[in-house]
Amino acid sequence: MRKMFAIPLVMLMVIAVSAQEKKTKTYKQSRSAETGRYVTKKEAKSNPSTTYTTTRKEKD
């Protein structure tokens, strides 16, 4: 009798865990090619020819 309840319960838990989205642990960081300093997203958008953007990993 317990197996009848345990098996569907375990299957439901596995489905719930696998259905969750995996969050990315990266972010974009922009740097000015002229000055070498890090710039905000707004500044990077206004001067796209003089900035470059890299994807960085977050530290845990």
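Partners of S46 under the side-chain contact (heavy atoms from CB on, under 4.5 Å) rule, at least two apart in sequence or in another chain, do not exist in this structure. In this structure K57 satisfies the side-chain contact (heavy atoms from CB on, under 4.5 Å) test together with T26, sequence neighbours excluded. Among residues two or more places apart in sequence or in another chain, the side-chain hydrogen bond (donor to acceptor under 3.5 Å, both in side chains) test is passed with Y52 by none.
Between atom CD of residue E58 and atom NZ of residue K25 there is a gap of 7.5 Å, rounded to the nearest 0.5 Å. Summarising the geometry, atom OG1 belonging to T53 is positioned 7.0 Å from atom NZ belonging to K28; distances are rounded to the nearest 0.5 Å.
Side chains of T51 and S30: a donor-acceptor N/O pair is absent below 3.5 angstrom, by distance only.
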| Full working for salt bridge (charged side-chain N to carboxylate O under 4.0 Å, His left out) between E43 and R31 | CA-CA 10 Å; E43 289 175 301; R31 194 168 196 160; over 6 Å; no
